[in-house]
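Below, chain A is the first sequence line, B the second, and so on; all start at residue 1.
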Amino acid sequence: MLKIYNSLAREKQNFVPITPGSVRMYVCGMTVYDYCHLGHARVLVVFDMVQRWLRASGLEVNYVRNITDIDDKIIKRAFDNKESIGELTERFIRCMDEDAAALGVEKPDHEPRATAYIPQMLELIRRLEANGLAYQTAAGDMNFSVRKFPGYGKLSGKSVDDLRAGERVDVDGTKDDPLDFVLWKHAKPGEPFWPSPWGNGRPGWHIECSAMGSDLLGKHFDIHGGGQDLQFPHHENEIAQSEGAHRCRFVNYWMHNGFVRVDDEKMSKSLGNFFTIREILKKYDPEVLRFFILRAHYRSPLNYSEGHLDDARQALSRLYTALKAVPAEVAPIDWNQSPALRFRQAMDDDFNTPEACAVLFELAGEVNRNQSPVLAGQLRALAGLLGLLTRDPQVFLQATPRNEGEISAADIEALIGQRVAAKQRKDYSAADRIRNELATAGVILEDGAKGTGWRRA
RNA sequence: GGCGCGAUAGCAAAGCGGUUAUGCACCGGAUUGCAAAUCCGUGUAGGUGGGUUCGACUCCCGCUCGCGCCUCCA
């Protein structure tokens, strides 16, 4: 039985889908005005893993990950860059697709864009107005009346009276209450806008997810995920809007992944301490990054440093080394056998990927000891469920993501040829000199029964 | 001020009321021309003070420290 930690209940709960055998899941994706950073990588990889495990568990999954392609930051960035909003967002959507693909993230079933859902947003706002939860300000904005929605704060554990709106940011004087948030912003001169019953304007921050979620998955669906920083106010407001408009429960299970940190501080755009995915991929294999993310539990903080990535790379090499030594027999996973059983237990326990990885390493040890193609096959198949160990071991071990200036495979092979000749005439000092030369260039030689192999350190 | 989370061996990171987590690094041995890889062996880790218990890293309470949210953020 799959258990999921539900942020709404603050505890692990048995997962029971609304419709037996199928799952509807929505994850807050990117706002596309810049390159994806490591925090985005974590959401991408974590929910890709969740989606894969749900499917592996035999459930039919409808996975939606949205793209927010209209908001204040996008407008500002396009203006600063002197390009159109469309050009800007298209460009960064392409980059996001590239980054996600590199990390082995499968395409969601739907990737709706906010700008394609304006009518649905307007309909939601209309309902909220009809239900007495929305009002128009003197300035022309449509706002949500937080205090008129009972239960506001249930996701983030906040009580309306404890929220200190305006403590850190100036209060907008046109609101009825400082806690109210905007559903529809009236257009200022020069800003993009859509016509609406409340005048020309554009969507507020939260309404797009309520609209896309309910349009694609229904008013009530199973799982909603995203980064922990979205829990408040974004997800809290999504609940208020959706339940306020539809008058029914919005989401059963809320999942939030932990932050990526740098030097024990949250990695964020405002702190400026973020690393983009493509920046990291210049030095590290994308699978190393994926493994680095998955070897920690998704709810724990994940501290980033190159040292930790190096560590992850070594660990992943051990797995690939086992597969290199023993050809994996292609076979379905035997769920009755101990490794698979333990793997499933770990994953069913709120997606405990660190424990699942431990199973992988123990399996690798077995493979090394027994040289068993069957076990190697299980290792490969189980890891595949996490989107790991999908490549040729040789290709992984000889890959050169670190920098462009590295010695080429052809040069390495040539030197190995020379060394083999030296060894044949028992000129070991010449052989060792070549090995040391290669070692300096970051190449490790492995003399074996079948000849000399190599890999990058 | 309100709410919440965490503290595990050199580093990273899990489960678990009593039995080896796991990985990296380190050390000894096997293997190797020497290595690498692999295998075998070695680690009395669980912030601190109490309590519950036959027994606690694991449950309860206090304390200390760290972090997050209450503002845009994945």
For a quick check of understanding: with a heavy-atom distance under 4.0 Å over all strands, which category does A:His297 fall into, base, sugar-phosphate or nothing?
sugar-phosphate

How far, in whole Å, is B:U44 from B:U38 if one measures between their P atoms?
25 Å

In whole angstrom, give me the gap between the C1' atoms of B:U20 and B:A9.
14 Å

Is it the case that more than 12 heavy atoms not belonging to A:Lys148 sit under 6.0 Å from its NZ atom?
no

For a quick check of understanding: with a heavy-atom distance under 4.0 Å over all strands, which category does A:Arg42 fall into, base, sugar-phosphate or nothing?
nothing

At under 4.0 Å between heavy atoms, what does A:Asp432 touch on the DNA or RNA strands: base, sugar-phosphate, or nothing?
base

Sugar-phosphate, base or nothing in reach of A:Arg342, heavy atoms under 4.0 Å:
nothing

Sticking with atom P, work out how far B:A35 lies from B:G17, rounded to a whole angstrom.
46 Å

Have a look at A:Asp229 and say if it touches a base, only the backbone sugar-phosphate, or nothing, with a 4.0 Å heavy-atom cut-off.
base

Looking for any heavy atom pair under 4.0 Å, which part of the strands does A:Val260 touch: base, sugar-phosphate only, or nothing?
base

Touch check for A:Asp72, heavy atoms < 4.0 angstrom, all strands: base, sugar-phosphate only, or nothing?
nothing

Distance, P atom - from B:U22 to B:C61, rounded to whole angstrom
32 Å

Is there a side-chain contact between A:Asn62 and A:Val23 in this structure, where contact means two heavy atoms from C-beta onward sitting under 4.5 Å apart?
no

Using a heavy-atom cut-off of under 4.0 Å over every strand shown, decide if A:Ser300 touches base, sugar-phosphate, or nothing.
sugar-phosphate

Would one find a side-chain N or O of A:Ser317 under 4.0 angstrom from OP1 or OP2 of B:G23?
no

Ion pair present between A:Asp109 and A:Arg65, side-chain N to carboxylate O less than 4.0 angstrom?
no

Nearest whole angstrom, please: distance from the P of B:A37 to the CD of A:Gln371.
16 Å

Has A:Lys269 got its NZ or CZ under 6.0 Å from the middle of the six-membered ring of A:Tyr33, at an angle within 45 degrees of the ring axis?
yes

With heavy atoms under 4.0 Å as the rule, sort A:Thr321 into base, sugar-phosphate or nothing.
sugar-phosphate

Relative to the 5' end of RNA chain B, which residue comes earlier, A:Asp71 or A:Glu265, by the nucleotide with the nearest heavy atom?
A:Glu265

Between CZ of A:Arg10 and P of B:C69 the distance, given in whole Å, is 16 Å

Please state whether the base of B:G33 and the side chain of A:Arg419 form at least one donor-acceptor pair under 3.5 Å?
yes

Below the 4.0 Å mark, does B:A74 have OP1 or OP2 next to a side-chain nitrogen or oxygen of A:Asn257?
no

Between B:C24 and B:G43, how far apart are the two C1' atoms, rounded to whole Å?
15 Å

Mind checking A:Glu362 for me? I need base, sugar-phosphate or nothing, with any heavy atom below 4.0 Å counting as a touch.
sugar-phosphate

Given the C1' atoms of B:C65 and B:G46, what is the spacing between them in whole Å?
16 Å

Taking atom P in both B:U42 and B:U58, compute the distance separating them and give it to the nearest angstrom.
26 Å

Looking at every strand, decide which applies to A:Lys423 at a 4.0 Å heavy-atom threshold: base, sugar-phosphate, or nothing.
base

Mind calculating the distance between CD1 (A:Ile416) and C1' (B:A35) to the nearest angstrom?
14 Å

Taking 4.0 angstrom as the limit, do A:Arg419 and A:Asp447 come out as a salt bridge?
yes

Rounded to the nearest angstrom, tell me the gap between atom NZ in A:Lys450 and atom C1' in B:A36.
15 Å

Within 45° cone of A:Trp335 ring axis and under 6.0 Å: A:Arg344 NZ or CZ
yes

Quick check on B:C34: is either OP1 or OP2 less than 4.0 Å from any side-chain nitrogen or oxygen of A:Arg435?
no

Whole-Å distance, A:Asn237 CG to B:C69 C1', equals 14 Å

When you match A:Ala364 and A:Val359 each to their closest nucleotide on RNA chain B, which lands nearer the 5' end?
A:Val359

Are the side chains of A:Arg202 and A:Ile75 in contact, using a 4.5 Å heavy-atom criterion?
yes

So that I can tick it off, tell me whether A:Asp349 and A:Lys3 are bridged by a salt bridge, with the cut-off set at under 4.0 angstrom between side-chain N and carboxylate O.
no

Centroid separation under 6.0 Å, is that true for the rings of A:His206 and A:His235?
no

Using the ring centroid of each side chain, check whether A:Phe221 and A:Phe250 are separated by less than 6.0 Å.
yes

Quick test: give all pairs of protein nitrogen or oxygen and nucleotides 24-29 of chain B nitrogen or oxygen below 3.5 Å, distance rounded to 0.1 Å.
from, atom 1, to, atom 2, distance (Å)
B:C24, O2', A:Asp311, OD2, 3.4

Separation of B:A30 atom P from A:Arg369 atom CZ, nearest Å, is 20 Å

Separation of atom CG in A:Leu271 from atom C1' in B:C72, rounded to whole Å
12 Å

Just say parallel, tilted or perpendicular for the rings of A:Tyr152 and A:Phe232, cut-offs at 30° and 60°.
perpendicular

Report the secondary structure of RNA chain B in dot-bracket form, marking unpaired bases with a dot and bases paired to a different strand with |, and treating Watson-Crick or G-U pairs with both distances under 3.5 Å as paired.
(((((((..(((.....[...)))..((((.......)))).....(((((..]....))))))))))))....

Looking for any heavy atom pair under 4.0 Å, which part of the strands does A:Gly227 touch: base, sugar-phosphate only, or nothing?
sugar-phosphate

Tell me whether the rings of A:Phe351 and A:Tyr298 are parallel (<30°), tilted (30 to 60°) or perpendicular (>60°).
perpendicular

hbond_proxy A:Lys269 side chain to B:C72 base (donor-acceptor, 3.5 Å cutoff)
no

With a cut-off of less than 4.0 Å, is there a side-chain N or O of A:Lys76 near OP1 or OP2 of B:C72?
no

Base, sugar-phosphate, or nothing for A:Gly258, non-hydrogen atoms under 4.0 angstrom?
base

Just to be sure I understand the rule, does A:Leu445 reach a base, reach only the sugar-phosphate, or reach nothing, if contact means heavy atoms closer than 4.0 Å?
base

Please give the distance between the C1' atoms of B:U8 and B:G66 as a whole number of Å.
15 Å

Nearest whole Å is fine: how far is B:G23 C1' from A:Leu319 CG?
10 Å

Looking at the side chain of A:Thr31, which of B:U38, B:A74, B:G15 is the nearest nucleotide?
B:A74

Validation row, ring centre A:Phe15 to ring centre A:Tyr253 under 6.0 Å
yes

